[in-house]
Amino acid sequence: MDRQHEAPRIVVGVDGSPSSQAALRWAVRYAGLVGGRVEAVAAWDLAGAASWSAPAVDTTFDEEEAERRLVEEVRTVLGEDGASSVHQRLVRGNPVDVLVDAAQGADMLVVGSRGRGGFSRALLGSVSHQTALHAPCPITIVRADVPVQ
C-alpha cells in the first residue's frame, strides 16, 4: 500500500501511570487533528528474565488479566467511545525495546514523562529517556501535570 495514503500511525506507551494516561489523551487528540490512528502498547516482562540468575518464573502473572487491565485502562481514560478507536496491544519484553519496535514505521511515538518506578523528582523516567534516544520516529513526551485541551 502506498504510504502517502495511509492514516498516520501514532504509537503510545501505556503503563497505568498518570503521565501515561496524559500521553494516551494527548495521542488521541493529536490523531484527531492529523486524521491518524492510535495504537496503545503496554509491555510486560518477567523479572530477571534477562539476567544471569536462575530461570525466572512468575507464577502470579496472568497475561489475560493484564490484557483486560490494558483494555480497562484505555476505557477509563478515554471513555467507551474514545477507547473503541484505539487499538491495544500487550507485548512481552523490555518496555524500551517494545516501544521502539512498535514505533518502527510510525509517524509519532508518545510516552509519559514518568512511569511507575524511579525517583519522583526526576524530570524524565528511564523509559521515556531511552525511547527518546532510540525512537525511529518523532517522539512526544507528555507530563502528567500538563492538561490536554
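Computed from heavy atoms alone, side chains included, the values below leave out hydrogens, waters and symmetry copies.
Between Glu73 atom CD and Ser17 atom OG the span is 8.0 Å, to the nearest 0.5 Å. Separating the CG atom in Asp107 from the CG atom in Leu109 is a distance of 11.5 Å, to the nearest 0.5 Å. We find the OG-CG distance between Ser85 and Leu78 to be 7.0 Å, quoted to the nearest 0.5 Å. Between the CE atom of Met108 and the CH2 atom of Trp26 there is a distance of 4.5 Å, given to the nearest 0.5 Å.
In this structure the side chain of Thr140 reaches within 4.5 angstrom of the side chain of Val142, judged on heavy atoms. Looking only at side-chain heavy atoms (C-beta outward), Ile139 and Ile141 come within less than 4.5 Å of each other. Val110 places none of its side-chain heavy atoms less than 4.5 Å from the side chain of Tyr30. Val12 places none of its side-chain heavy atoms less than 4.5 Å from the side chain of Glu39.
Of all non-hydrogen atoms in Gly13 and Ser20, the two that sit nearest each other are O-CB, 3.7 Å. Shown here for Gly112 and Ala23, the closest heavy-atom pair between the two residues is N-CB, 3.6 Å. Closest approach of Pro8 to Gly35, counting heavy atoms only: CD-O, 3.5 Å. Nearest heavy-atom pair, Val111 versus Ser128, reported as atom, atom and distance to 0.1 Å: CG2-CB, 3.8 Å. When every heavy atom of Ala7 is checked against every heavy atom of Gly36, the shortest pair comes out as CB-CA, 4.3 Å. Between Asp45 and Arg92, the closest heavy-atom pair is OD1-NE, 3.9 Å.
Checked against side chain to side chain contact (heavy atoms under 4.5 Å, CB included), Gln88 has the following partners two or more places apart in sequence or in another chain: Ala40, Leu70, Val71, Val74, Val86. By the side chain to side chain donor-acceptor pair (under 3.5 Å) test, Glu72 is found to be paired with Arg75, Thr76, residues two or more places apart in sequence or in another chain being considered. Pro136 pairs by the side chain to side chain contact (heavy atoms under 4.5 Å, CB included) definition with Val100, Ala103, Gln104, not counting sequence neighbours. Applying the side chain to side chain donor-acceptor pair (under 3.5 Å) test to His134 and every residue at least two apart in sequence or in another chain returns Gln130. Checked against side chain to side chain contact (heavy atoms under 4.5 Å, CB included), Ala31 has the following partners two or more places apart in sequence or in another chain: Ile10, Val38.
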